[in-house]
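What you see is a predicted model; the values in this text were computed from it and never measured. Chain letters run A, B, ... following the sequence lines, proteins first, then strands; residues in each count from 1.
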Protein chains: 2
Amino acid sequence: MTTAPGTILDPQLLRIGEVAKRTGVTTRTLRYWEEQGVLRPVEHRSSGERLYSDAEVDRITHIRELQDLLGFTLAEIRVALDTEDAIDKLRSAYRSGASPTRRRALLGDAIAANEQLLERVDDRLERVRAFRQSAAEKADRLRRRARELDAELEGRASSTRTPR
Amino acid sequence: MTTAPGTILDPQLLRIGEVAKRTGVTTRTLRYWEEQGVLRPVEHRSSGERLYSDAEVDRITHIRELQDLLGFTLAEIRVALDTEDAIDKLRSAYRSGASPTRRRALLGDAIAANEQLLERVDDRLERVRAFRQSAAEKADRLRRRARELDAELEGRASSTRTPR
DNA sequence: GAAGATGTTACCGTTCACGTAAAGGGAAAT
DNA sequence: ATTTCCCTTTACGTGAACGGTAACATCTTC
């Protein structure tokens, strides 16, 4: 089995191939995302090797959701995640005892960003619901007509079987 | 006002620019869609001019929904609409008195296609719901912490205003 | 110490869904 | 009659999001 490079590797950390395997995202894409500023590995070793944590794995699925479910571009995702990172900053600001006013400001930013996201999600949800509705109605109409047609066919068949 | 070209134009029919205006889709896109086989104008005049009916206008918004809401590619949309067209075929088959068995077959195809679409929509709907849920929860957490922080800040302020 | 697996950067290629001229035609308005 | 629209085809360009490959480094294993 291939283990860590050079110095001993923190078993918590994952190499890019392992991350790719776990998430189904190619290594190429992971590097591309880093280039686009949407996903930074926790560590870049001297050899250039990227190392990721579980947090990044979660983030990857999150990114894919933002892409697939909401149609965000990578640029939009970068912005969204940037403000989301403000929340993490907030936590560390809390631990490091930053001024409450500063913390309150960061929190405000995070809330605003989240609210904006939620709005967009709600909009999308509503539209998908409406679409689903019309599709379901169409399904009903089709099935009803199928039943009618089946009845008609049945009637014919029996009248053929028992003429007069 | 610009009216019809050459022979008198059926007032029901629309020229490409008008369709673009009504739908917000560019003329380039309409021609491209035609090239990709997702949207055929009702008529191609001898001059090459494309003419569309209201049905196409509806179809255009439908196509945009399939793209934006469900992330379909144009190729997928073409397939989906092809089977959807089977329904129209069905209607004309009905009027032209095609065999009920044939009609039943077409109807079956349409039902299957619609069912498949509905499945995909439901899946998407569920995932968007889940996403919305987690976003809403995060919003709650953030707001709660904001209230706590505000209370803390308020306490400070008042203790500063009234020392001892 | 050679092979094999996994990583790196660098760069070019590709697909999708259009955008953007360029060059021209037919009908309508002035 | 000429200008003005709106349309046409043809063809090349573009941005987003990767894919693929070459050339090289590093580390483990045989």
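Atoms CG (A:L30) and C1' (C:dT6) sit 14 Å apart, rounded to a whole Å. Atoms CZ (A:R15) and P (D:dT28) sit 9 Å apart, rounded to a whole Å. Atom CD1 in B:I63 sits about 16 Å away from atom C1' in C:dC16, given to the nearest Å. Atom CD1 in B:I16 sits about 18 Å away from atom C1' in C:dA27, given to the nearest Å. Rounded to whole angstrom, the span from the CG atom of A:L14 across to the P atom of C:dG7 amounts to 11 Å. The NZ-C1' distance, from B:K21 to D:dC5, rounds to 11 Å in whole Å. Across the protein-nucleic acid pair, B:R45 atom CZ and D:dC6 atom P stand 17 Å apart, rounded to whole Å. Atom CD in A:E35 sits roughly 11 Å away from atom C1' in C:dA10 (whole-Å rounding).
Judged as a ring pair (Phe, Tyr, Trp, His ring centres under 6.0 Å), not a single pair has a partner in residues 14-33 of chain A (not counting sequence neighbours). The list of ring pair (Phe, Tyr, Trp, His ring centres under 6.0 Å) pairs with a residue in residues 40-83 of chain B, not counting sequence neighbours, reads A:F131-B:H62. The stretch residues 97-116 of chain B participates, sequence neighbours left out, in no ring pair (Phe, Tyr, Trp, His ring centres under 6.0 Å) pair at all. Contacts classified as salt bridge (Lys or Arg N to Asp or Glu O under 4.0 Å) and involving residues 19-37 of chain A (residues at least two apart or in different chains) are given here: A:E18-A:R22, A:E34-A:R50.
In this structure, of D:dC6, D:dT8, C:dG7, it is C:dG7 that holds the atom nearest to the side chain of A:R31.
In this model, the phosphate group of D:dT9 is approached by a side-chain N or O of B:R50 to a distance below 4.0 Å at OP1 or OP2.
Residues passing the side chain to side chain donor-acceptor pair (under 3.5 Å) test with A:R64, sequence neighbours excluded: A:Q67.
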Given protein heavy atoms under 4.0 Å, the one-letter contact record of nucleotides 17-23 of chain D, with B base, S sugar-phosphate only and - none, is simply BBBB---
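Note on A:D85 versus A:R59: salt bridge recorded, some NZ/NE/NH1/NH2 to OD/OE distance being below 4.0 Å.
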